[in-house]
Amino acid sequence: MSLIADYGLVLLVLACLFGFFMAWGVGANDVANAMGTSVGSRALTIKQAIIIAMVFEFAGAYLAGGEVTETIKNGIVDADLISPNLMVLGMMSALLAAGTWLLVASTRGWPVSTTHTIVGAVIGFAAVGVSMDAVHWGGVGPIVASWVVTPMLAGIISFCLFVSVQKLIIDTDNPFLNAKRYVPLYMFITGFVISLMTMTKGLKHVGLNLSSTEGFLLSIGIGVLVMLLGIALLSRIHVDVEADKAFHFSSVEKVFAILMIFTACSMAFAHGSNDVANAVGPLAAIVGVIQSGGEQAAGAKSLVPGWILLLGALGIVVGLATYGYKVIATIGKEITELTPSRGFAAELAAATTVVSASGLGLPVSTTHTLVGAILGVGLARGIGALNLGMIGKIFLSWIITLPAGAILSIIFFFILRSLFGGV
C-alpha cells in the first residue's frame, strides 16, 4: 500500500481537481441538453436558461445523484481484481481523459455524450491497464442497451405528447382557450413525474427515507403546487390579435412558453441527477480507497459523501456558465425548428426518461435521450422537418466519443503509473 501511504494527500488533491475538471466538461457540454430546447424555441434567453440550469442542475446533482454514482463507481469494473493502487490511478486517468475529450468537443460545439466518455474511459484503463477480466462485462451490457433504448423511449414519449398537444389544442376551433385549459394538466404531470422519482429514489444520502406511499402523496402535492403556480402565471396571458395575424398560433405558443419554464427546470434537475455521477463516481471510488489507507476494497458499498456531490455540482455550474453557450446553440437550433409547444414535448419526454433511469441507477446519455426526443417531435411533423445533415454529424461524434475516452484514459493511466513509481 506504499503508493497510498506515500502520496495519499497528493492523490486526493489531484483526484478532486480531475473530478472538478470532468464536472466542468459536463456543464460546458452536456447541460446544453437540458437548456438547448428552451433557448432554441425562444421560450428563454441564454442568460435565463443559464440561471435556471445553475439552480436545478445543482439541486438534481446534490439531492438525487447518488444512485447512478454507485453504478459508475462499482458497476463497470470488478474491483476485487484491481489493486487499490491501480484503482486510484485508473479512476484518476478516467476523469482526466473524459475531461480532456469534453474540452475538445465543447470548443468545437459538438454535443457529445459525457456518459459514453466516462464509461469508455473506465473500461479503457481496466481492460488494457489491468486485464480484460477486470471489466464487469455483465454490468456494461445494461448500460450499452440503455443508450439505444432511452432515445427510442424518449422519442416515443415526445411523439405521443406532441400528438396530444395537436389533438387537444392546436387542431381545435379555439386553440388559445384550449391551451389555457389543458396546459395546467401538463404542468401537473411535469411536477408529479420529476418529484416522484426524486422522492422515492434519490434522497437517501441526504437522510430522507420516504416510503412509496409518502413519496407518491408528496409528489401529487408538488404536482398540484406546480399547476397552481402555472395557472397564476397563465392568467396574465391574453390573446394578441396582431401577433396571431402573422402567426396563427402566436398566443398559444406564449402559453406553452410559460410551460417551458417548468419543463426546463425539470430537465435541468433530471440532467443533474444522472450526469453528476459521470464526474463524481470515479472520484467517490478514489476517496473511499484513500481515506481507508488502501484497506477498503475499491468496490465497497458506501453512500457517496455529500461533499463529493457538492464538488461535482459546483463543477457543472462553472462549466455551464463559462462555456455552455456553444453547444446550447447546436442542440436548440440545428436539429429541427422548435417552438415552445414542440420544445415542451421534447423536454418533458427526455426529463421523464432520464429521471426514471437515474432512479434505476442506469447512467444513460442525456444527449442521446434529448436528441431522440427532438427527433420524435420532428417526426410528428414529417421527416422533412429534420436537419438530416446535422443529425448525421451528431451521430458521428457519438461514435467517436467512446473510443476517444478509452484511448485517452489508457495514455493517462500509463503516464500516472510511471509518475508514481510504476505500480
Side-chain angles (χ1 to χ4, degrees), residues 19-20 23-24 26-28 30-38 44 47-70 114 187 189-210 214-215 218-219 221-223 225-226 229-230 259-281 283-284 303-321 324 328 347-348 350-359 361 363-364 366 369-370:
F20 188 85
W24 177 92
V26 173
D30 230 29
V31 174
N33 305 316
M35 290 294 117
T37 39
S38 306
L44 296 171
K47 191 175 178 183
Q48 290 167 334
I50 287 174
I51 291 167
I52 284 176
M54 281 181 175
V55 174
F56 286 91
E57 288 275 342
F58 187 91
Y62 189 68
L63 294 175
E67 289 279 334
V68 182
T69 301
E70 193 59 50
T114 53
M187 289 175 174
I189 292 166
T190 304
F192 173 73
V193 169
I194 301 303
S195 55
L196 181 66
M197 293 310 301
T198 308
M199 296 297 165
T200 52
K201 285 284 183 185
L203 297 177
K204 293 183 186 119
H205 70 277
V206 289
L208 277 177
N209 287 300
L210 299 172
E214 287 169 339
L218 201 52
S219 299
I222 291 170
L225 278 175
V226 168
L229 177 60
L259 176 55
M260 279 289 285
I261 296 169
F262 292 96
T263 53
C265 294
S266 64
M267 186 63 207
F269 187 93
H271 180 267
S273 73
N274 196 280
D275 282 42
V276 71
N278 296 335
V280 303
L283 182 55
L303 282 176
V304 178
W307 70 266
I308 291 182
L309 286 170
L310 199 62
L311 182 78
L314 281 171
I316 283 176
V317 165
V318 173
L320 168 67
I328 281 178
E347 277 194 353
L348 183 56
T352 304
T353 309
V354 172
V355 174
S356 302
S358 294
V364 298
T366 321
T369 309
L370 192 75

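Every heavy atom of this structure was used, including side-chain atoms; hydrogens, water molecules and symmetry mates were not.
Annotation: the span from W307 atom CH2 to L283 atom CG amounts to 5.5 Å, rounded to 0.5 Å. Taking CG from L348 and CG from L259, the interatomic distance works out to 8.0 Å, rounded to the nearest 0.5 Å. To the nearest 0.5 angstrom, T37 atom OG1 is 9.0 Å from L44 atom CG. Here CZ of F192 is found 14.0 Å from CG of L225. Values are rounded to the nearest 0.5 Å. With rounding to the nearest 0.5 angstrom, the CZ atom of F262 is 10.0 Å from the CD1 atom of I52. Considering CD1 of I222 and CG of L218, their distance stands at 4.5 Å, rounded to 0.5 Å.
Of all non-hydrogen atoms in E347 and L370, the two that sit nearest each other are CA-CD1, 4.4 Å. Between M187 and V226, the shortest heavy-atom distance links the atoms O-CG1, 3.5 Å. Nearest heavy-atom pair across F20 and V318 is CZ-CG2, 4.1 Å. Residues A264 and S38 approach most closely at CB-OG, 3.3 Å, considering heavy atoms.
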